[in-house]
Amino acid sequence: MLQELKACIEKAQHLTVLTGAGVSAESGIPTFRGGDGLWNRYRPEELATPEAFSRDPETVWRWYAWRMERVFSAQPNPAHLGFAKLQEMGRLACLITQNVDDLHERAGSRDVLHLHGTLRQMRCVACGSRIPVHRPPEVPPLPVCACGGLLRPDVVWFGESLSPDVLQLAFDEASRSDVMIVAGTSAVVHPAASLPLEVKRHGGTVIEINPDATPLSSMADLSIRMPAGMAITENLGLGQS
Ligand code: OAD
């Protein structure tokens with residue numbers, strides 16, 4: 001199976017990668033679904049909606065500051081490093097992620113399409129200015145923009161739309177992909193989960209890497225049931241060297 005993965009990567013003309021929370025699991029970042037997933041321990045409607053933020057910005061900020069702490073102190077794992085290496089080798093056209101962490105970038109990936117935003121930025125609810133986050137804010141006080149508006153994490157919350165520009169780029173990439181590797185996602189959140197379907201619609205090959213089955217598994221051309229780090233690095237010889 002890993003030989004097939006290797007062969008697909010080698011012959012791909014336009015290879016893209018779509019990642020989800022599972023790719024950062026080996027860096028110690030919790031996923032959303034499954035046993036220890038965030039959405040089994042926390043209620044998204046209290047922490048990840050615009051309504052929750054209007055109602056209780058302090059609680060929302062404390063939770064995001066905690067997540068920022070975890071992400072900023074985590075290190076890229078072999079999966080992040082392997083995908084960065086593929087790009088460095090000129091094999092990867094585009095890396096698309098649902099993750100709000102910056103572990104792909106810290107592994108060396110460039111021009112990553114962040115479908116769901118990033119914890120490395122805050123956005124003003126009043127003027128829309130974006131401000132980099134170097135350190136998680138200590139709340140209280142709530143972070144405030146120069147214009148006086150409240151700052152919020154620059155991520156996509158439930159009930160919000162993805163950036164149309166980023167989404168368009170991602171769908172363009174998917175439609176041009178002859179091979180897409182889909183790693184570490186439960187493939188239940190749309191529109192991200194529609195990207196592999198777009199690849200299939202255009203006759204491309206979809207390879208899933210996930211220790212568990214997902215709704216995508218039955219339509220994937222190849223399902224590799226193992227952690228992403230192991231599948232990408234060890235078996236492809238794409239180590240850090
Ligand atoms: P999920 O938490 O839904 O799914 C994580 C997937 O990773 C599961 O299918 C696991 O089986 C798999 N997994 C776990 N460890 C893995 C490993 N080492 N290697 C490969 N796979 C592994 O995360 P996402 O699919 O990313 O949205 O979730 C999608 C969106 O739902 C997130 O971006 C977030 C969430 O609500 C927003 O915040 C808008």
Side-chain angles (χ1 to χ4, degrees), residues 1-26 76-99 103-105 107-116 162 166-241:
M1 214 190 290
L2 288 159
Q3 283 307 317
E4 267 183 80
L5 170 63
K6 193 171 183 177
C8 279
I9 290 176
E10 276 170 5
K11 72 172 192 325
Q13 297 295 309
H14 197 95
L15 172 70
T16 51
V17 169
L18 171 66
T19 64
V23 156
S24 296
E26 290 164 78
N77 68 53
H80 301 108
L81 294 164
F83 291 134
K85 185 86 174 181
L86 273 179
Q87 191 175 31
E88 189 191 308
M89 291 161 67
R91 294 262 174 83
L92 183 63
C94 185
L95 198 157
I96 306 165
T97 189
Q98 296 165 85
N99 297 345
L103 293 172
H104 283 305
E105 283 87 350
S109 288
R110 298 283 162 258
D111 304 320
V112 179
L113 292 182
H114 279 272
L115 294 172
H116 294 163
L162 280 63
V166 174
L167 193 58
Q168 185 64 56
L169 285 170
F171 270 89
D172 288 348
E173 286 294 334
S175 63
R176 293 168 65 200
S177 301
D178 57 347
V179 180
M180 176 181 269
I181 298 174
V182 182
T185 176
S186 56
V188 293
V189 176
H190 289 267
S194 304
L195 290 166
L197 310 183
E198 182 76 358
V199 175
K200 293 295 298 172
R201 212 165 65 80
H202 286 83
T205 298
V206 170
I207 302 169
E208 180 180 56
I209 303 175
N210 195 317
D212 297 324
T214 74
L216 181 68
S217 305
S218 60
M219 53 200 104
D221 298 277
L222 184 61
S223 281
I224 298 173
R225 295 261 170 272
M226 60 171 69
M230 198 188 291
I232 292 300
T233 304
E234 284 179 26
N235 294 284
L236 291 176
L238 291 172
Q240 291 179 54
S241 61

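Just so you know, residue 1 is the first one in the sequence shown, and it goes up from there.
Rounding to the nearest 0.5 Å places OG1 of Thr205 at 10.0 Å from CD of Glu4. Taking CE of Met180 as the start and NE2 of His202 as the end, the distance is 12.0 Å to the nearest 0.5 Å. Interatomic distance, CG of Leu92 versus CZ of Arg110, reported as 13.0 Å (0.5 Å rounding). The line from CD of Gln87 to CG of Leu15 is 10.5 Å long, rounded to the nearest 0.5 Å. If you take NE2 on His114 and OG1 on Thr19, they are separated by 8.5 Å, rounding to the nearest 0.5 Å. Interatomic distance, CG of Leu81 versus CG of Leu86, reported as 11.5 Å (0.5 Å rounding).
Listed by chain and residue number, Ala12, Gln13, His14 satisfy the side-chain contact (heavy atoms from CB on, under 4.5 Å) test with Asp178 (two or more places apart in sequence, or in another chain).
Proximity of Asn99 to His116: side-chain heavy atoms (C-beta onward) are nowhere separated by under 4.5 Å. Side-chain contact check for Ser223 versus Asn210: every heavy-atom pair is 4.5 Å or farther apart.
With Glu26 contributing its side chain and Gly229 its backbone, the two residues share a donor-acceptor pair below 3.5 Å. Remark: the backbone N or O of Val23 is paired with a side-chain donor or acceptor of Asn77 at under 3.5 angstrom.
Using modelled atom types, one finds a donor on one side chain and an acceptor on the other under 3.5 Å when comparing His80 with Ser24.
When all heavy atoms are compared, the tightest approach of Ala183 to Ala228 is CB-CB, 4.4 Å. Closest heavy-atom contact between Thr185 and Gly20: CB-CA, 4.0 Å. Scanning both residues, Ala231 and Ile209, for their nearest heavy atoms gives CB-CG2, 3.7 Å.
Under a 4.0 Å N-O distance rule, the pair Glu208/Arg225 qualifies as a salt bridge.
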Show me the donor-acceptor pairs within less than 3.5 Å that the side chains of residues 189-201 make with the rest of the protein, sequence neighbours left out.
from   : atom 1 : to     : atom 2 : distance (Å)
His190 : ND1    : Ser194 : OG     : 2.7
Glu198 : OE1    : Arg201 : NE     : 3.3
Glu198 : OE1    : Arg201 : NH2    : 3.4
Glu198 : OE2    : Arg201 : NH2    : 3.4
Lys200 : NZ     : Asp221 : OD1    : 3.0
Lys200 : NZ     : Asp221 : OD2    : 3.0

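Applying side-chain contact (heavy atoms from CB on, under 4.5 Å) to Leu18 and the options Thr97, Leu115, Ile181, Val206 leaves one that passes, Leu115.
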